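Source: prediction; values computed, not measured. The figures here come from the full heavy-atom set of this structure, side chains too, leaving out hydrogens, waters and symmetry mates.
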Amino acid sequence: MAGPSSFASCSSMTIRIVPVSPDHVAEITAIYAKAVHETLVTWDETAPDEAAMAAKLQAIQSAGYPCLVAVCEKTGAIAGYALAGAFHPQSGFRYSAENSIYVADHARRQGLGRRLLDALIQECEARGFRQMIAGISRPGGEASLALHEAAGFKVCGVLPGVGWKMGQWLDAMYLVRPLGDGSSTDPE
């Protein structure tokens, strides 16, 4: 598994965003585990192991949603990942996707979150999705809120005090962004 030192020689110009493969699972698992154990950006309290993460990624891809990873061309180190998934399991929501983006500590504040989000939006549009939803924790999700608003997402609601993690109540803020024609035309 490549780590922060193998990413240090990477610039934003040498990052490729590619579909997730089984080779990426260990580093994705490590990035997510750090978010689970040290932040409020995810409400999971137990991080999945590599087998569970591999199964999750496979299920998402098999359902027709994109999973992308940012890879340093020089070293092969993973700097972050983005995925879309079902917003809700009922079939009427099939044209909407919820996104998740995680960037490794050593790669933050370099514009990588925006590159991953832009690539995910483009991929979801190509697959016929019409709305993208972001669920953001409050407190804890301030950087994610800024990222999503800069990418054209609009706050559409807040569910106050619906989550509990690290000894505090959390709000769930939801944002939405149209993809392609959004809801202005019927789906194909």
Which value, rounded to the nearest 0.5 Å, describes the distance between [X] atom [atom1] and [Y] atom [atom2]?
{"X": "Thr29", "Y": "Glu50", "atom1": "OG1", "atom2": "CD", "value": "5.0 Å"}
{"X": "Arg130", "Y": "Arg94", "atom1": "CZ", "atom2": "CZ", "value": "11.5 Å"}
{"X": "Leu120", "Y": "Ser100", "atom1": "CG", "atom2": "OG", "value": "9.0 Å"}
{"X": "Leu116", "Y": "Leu83", "atom1": "CG", "atom2": "CG", "value": "10.0 Å"}
{"X": "Ser137", "Y": "Leu170", "atom1": "OG", "atom2": "CG", "value": "4.0 Å"}
{"X": "Leu147", "Y": "Asn99", "atom1": "CG", "atom2": "CG", "value": "8.5 Å"}

Is the shortest side-chain heavy-atom distance between [X] and [Y] below 4.5 Å?
{"X": "Gln131", "Y": "Arg177", "result": "no"}
{"X": "Met132", "Y": "Val176", "result": "no"}
{"X": "Trp169", "Y": "Val162", "result": "no"}
{"X": "Tyr65", "Y": "Leu57", "result": "no"}
{"X": "Leu117", "Y": "Phe153", "result": "yes"}
{"X": "Leu175", "Y": "Lys154", "result": "no"}
{"X": "Cys67", "Y": "Pro19", "result": "no"}
{"X": "Leu145", "Y": "Met173", "result": "yes"}

In this structure, would [X] and [Y] fall into the same cluster of hydrophobic residues linked by side-chain contacts under 4.5 Å?
{"X": "Leu159", "Y": "Val41", "answer": "no"}
{"X": "Val18", "Y": "Ile101", "answer": "yes"}
{"X": "Val155", "Y": "Ile136", "answer": "yes"}
{"X": "Leu68", "Y": "Ile133", "answer": "no"}
{"X": "Ile121", "Y": "Phe87", "answer": "no"}

On a heavy-atom basis, which atom in [X] and which in [Y] lie closest, and how many Å separate them?
{"X": "Asp181", "Y": "Ser184", "result": "O-OG, 2.6 Å"}
{"X": "Asp171", "Y": "Gly161", "result": "OD1-N, 2.7 Å"}
{"X": "Ile17", "Y": "Ala119", "result": "CG2-CB, 4.0 Å"}
{"X": "Ala79", "Y": "Ile31", "result": "C-CD1, 4.3 Å"}
{"X": "Tyr81", "Y": "Met53", "result": "OH-CE, 4.3 Å"}
{"X": "Arg127", "Y": "Pro66", "result": "NH1-N, 3.4 Å"}

[X] side chain to [Y] backbone, donor-acceptor under 3.5 Å:
{"X": "Asp44", "Y": "Thr46", "answer": "no"}
{"X": "His37", "Y": "Lys34", "answer": "no"}
{"X": "Gln168", "Y": "Pro139", "answer": "no"}
{"X": "Lys165", "Y": "Glu45", "answer": "no"}
{"X": "Glu125", "Y": "Gly180", "answer": "yes"}
{"X": "Arg108", "Y": "Asp105", "answer": "no"}
{"X": "His24", "Y": "Val20", "answer": "no"}

Are more than 12 heavy atoms from other residues, nucleotides or ligands located less than 6.0 Å from atom CD of Gln122? no
Do we get Lys56 above Tyr32's six-membered ring, with its NZ or CZ under 6.0 Å from the centre and within 45° of the axis? yes
Which residues pass the salt bridge (Lys or Arg N to Asp or Glu O under 4.0 Å) test with Glu98, sequence neighbours left out? none
Derivation and outcome, side chain to side chain contact (heavy atoms under 4.5 Å, CB included), residues Thr42 and Tyr102: CA-CA 10 Å; Thr42 176; Tyr102 294 92; 3.5 Å; yes
